Amino acid sequence: MTENEASIIKLIEELLERMDKAEGVTVTLDARLHGEDGLGLDSLDTAELSATLEDELGSDPFAEGLMPETVAEIVAFYDAKESVSA
Amino acid sequence: MSTAPRTVIITGGSRGLGAGIVQSFLDSGDRVASCSRSETDQTRKWAEEFPDRFFFMEADIADRPQCTAFVKEVLARWKSVDILVNNAGVARDGIHALFSDEDTDTVIDLNLKATFHISKQIVRNMLAHGGGSIVNISSITGLTGYRGLAVYGASKAGLDGFTRALAREVGSRKITVNSIASGYLRTEMSHGLDEDQLNQIVRRTPAGRLGEPDDIARAVQFLVDEKNNWITGQTIVIDGGLTC
Ligand SMILES: NC(=O)c1ccc[n+]([C@@H]2O[C@H](COP(=O)([O-])OP(=O)(O)OC[C@H]3O[C@@H](n4cnc5c(N)ncnc54)[C@H](OP(=O)(O)O)[C@@H]3O)[C@@H](O)[C@H]2O)c1
């Protein structure tokens, strides 16, 4: 697992914990953020995820107009940022 | 002070009501950040007296990049914000049939659009940090209407609507949002009213006087007190009884 993958999975796990939504949920790369068969985030949860990503990582895909559907798509956003600045 | 200092943003704190609210939170031992388009003797004095817990920056918050820069500076210093007081506001008076487009834009750009912008940024911070309170400084003219203040009154009625909707959105995240509908205060803003109008207001006010910034600052302190977190989405009228 890459550094970005690990840190974003951990951040989402902690967020679900805070929201009391962690039980019975495994955060994997291909987990969908929304819906019963995914992590079950509603729109306010998504706003909290967006704000927490910005707070911890300095930018976030939602605020830049992208609407990632899976954990992997969030990771891809930060991977792309790094490859631009590298 | 028994509790840890809170971090408070008060827009337009250089004079008038905003300055009274800044003073109140400095007195309660909190950390205060404020901005306005220009600094004043008062803001310079606070910056000298409280270098660690007063931060002032010149910023026109109706300009989104300047507003964002101000928020970024505050967060770089203190990481999270507990209380946001949306106080900066402007009144332009004049009968609507003759009202200029420029005046309409000035009032809406500050009273509504700037408030929406800074509130969005601060709500995001509050979501990431587990809660907070927002107080919007509104006016009784948003509730009753006052001739010559159609656009200003509409902006304040709009602000109260914003308060209610935002309170519903973020209530589950320990964030309260309220409006204070202030009556007429003795600040520069009411200099737009002539002596006769002011006397008439005083005569019609049960409490028999105009308001002071401190009358409103105490209500702000009440609304942001963590113990009062069951009060949200409300517009509290503080006007010496004028509209009762
Ligand atoms: N006075 C009343 O009778 C009364 C009654 C009801 C409600 N209110 C409300 O109370 C609030 C404060 O009013 P006030 O009477 O204290 O007004 P004020 O004496 O005119 O002070 C307004 C404050 O906001 C700042 N400001 C104005 N435009 C700004 C901008 N674009 N960006 C950043 N800061 C800006 C001003 O500083 P700069 O000019 O340097 O920017 C000043 O610090 C307003 O929302 C007003 O609508 C007042």
Side-chain angles (χ1 to χ4, degrees), chain A residues 3-25 27 31-36 38-69 71 73-75 77-78 81 85, chain B residues 6-9 31 33 64-84 86 113-134 162-177 226 229 232-233:
Chain A
E3 216 173 285
N4 276 351
E5 288 170 354
S7 66
I8 284 159
I9 287 182
K10 180 157 170 278
L11 182 148
I12 295 175
E13 281 170 348
E14 286 168 359
L15 192 74
L16 291 170
E17 200 75 51
R18 255 201 344 250
M19 294 169 176
D20 256 346
K21 290 194 170 184
E23 217 171 280
V25 172
V27 183
R32 302 190 66 77
L33 302 178
H34 312 287
E36 290 294 299
L39 304 179
L41 300 185
D42 63 19
S43 57
L44 187 58
D45 299 334
T46 310
E48 193 170 335
L49 170 61
S50 153
T52 306
L53 286 167
E54 185 192 8
D55 204 61
E56 305 233 336
L57 305 170
S59 62
D60 91 278
F62 302 93
E64 294 192 15
L66 303 172
M67 287 298 152
E69 292 288 334
V71 176
E73 285 173 27
I74 296 179
V75 174
F77 169 82
Y78 293 99
K81 280 232 159 227
S85 57
Chain B
R6 302 165 293 185
T7 299
V8 189
I9 289 184
R31 286 196 288 238
R64 288 198 184 103
Q66 288 188 46
C67 180
T68 304
F70 167 66
V71 171
K72 280 221 156 80
E73 275 296 321
V74 177
L75 294 180
R77 262 186 177 67
W78 293 326
K79 296 219 161 35
S80 64
V81 172
D82 303 299
I83 296 164
L84 168 65
N86 285 312
K113 289 164 78 174
T115 303
F116 298 161
H117 183 66
I118 194 167
S119 299
K120 172 179 163 178
Q121 293 171 290
I122 299 304
V123 153
R124 289 174 59 80
N125 180 268
M126 288 174 173
L127 283 172
H129 290 274
S133 353
I134 298 176
F162 178 64
T163 291
R164 289 187 285 273
L166 191 59
R168 282 190 185 273
E169 276 184 20
V170 297
S172 65
R173 300 301 151 94
K174 299 197 173 69
I175 300 172
T176 64
V177 189
E226 243 181 303
N229 66 8
T232 192

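Heavy-atom basis, side chains included; hydrogens, waters and symmetry copies ignored. On a predicted model such as this, the values are computed, not experimentally measured, just so you know. Here is how names work: the chains are called A, B, and so on, in the same order as the sequence lines, proteins then strands, and each is numbered from 1.
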Quiz item: Do the side chains of B/Ile9 and B/Phe70 get nearer than 4.5 Å, heavy atoms only?
Solution: yes
Self-check item: Leading residue by heavy atom contact count with chain B [cutoff under 4.5 Å; candidates A/Leu15, A/Leu44, A/Leu49]
Solution: A/Leu44
Exercise. Could you tell me which residues satisfy side chain to side chain contact (heavy atoms under 4.5 Å, CB included) with B/Ser133, sequence neighbours excluded, listed by chain and number?
Key: B/Ile83, B/Thr176, B/Val224
Quiz item: Does B/Ala165 have any side chain to side chain contact (heavy atoms under 4.5 Å, CB included) partners at least two apart in sequence or in another chain, and if so, which?
Solution: none
Quiz item: If every non-hydrogen atom of B/Gly131 is compared with every non-hydrogen atom of B/Ile175, which pair is closest and at what distance?
Solution: CA-CG1, 3.8 Å
Quiz item: Minimum heavy-atom separation for B/Val177 to B/Thr232, with atom names?
Solution: N-OG1, 3.0 Å
Candidate polar pairs, chain B side and chain A side, donor-acceptor under 3.5 Å:
from	atom 1	to	atom 2	distance (Å)
B/Arg124	NE	A/Glu54	OE1	3.2
B/Arg124	NH1	A/Ser50	OG	2.7
B/Arg124	NH2	A/Ser50	O	3.3
B/Arg124	NH2	A/Ser50	OG	2.9
B/Arg124	NH2	A/Glu54	OE1	3.1
B/Arg124	NH2	A/Asp60	OD1	3.1
B/His129	NE2	A/Asp55	OD1	3.4
B/His129	NE2	A/Asp55	OD2	2.9
B/Arg173	NH1	A/Glu48	OE1	2.2
B/Arg173	NH2	A/Asp45	OD1	2.6

Quiz item: Any idea which of B/Leu75, B/Val123, B/Leu127 has the most non-hydrogen atom pairs under 4.5 angstrom with chain A?
Solution: B/Leu127
Quiz item: So B/Ile134 and B/Val170, side-chain contact (heavy atoms from CB on, under 4.5 Å) or not? Walk me through it.
Solution: CA-CA 11 Å; B/Ile134 298 176; B/Val170 297; over 6 Å; no
Quiz item: Rounded to the nearest 0.5 Å, how far apart are CG of A/Leu33 and CD1 of A/Ile74?
Solution: 4.5 Å
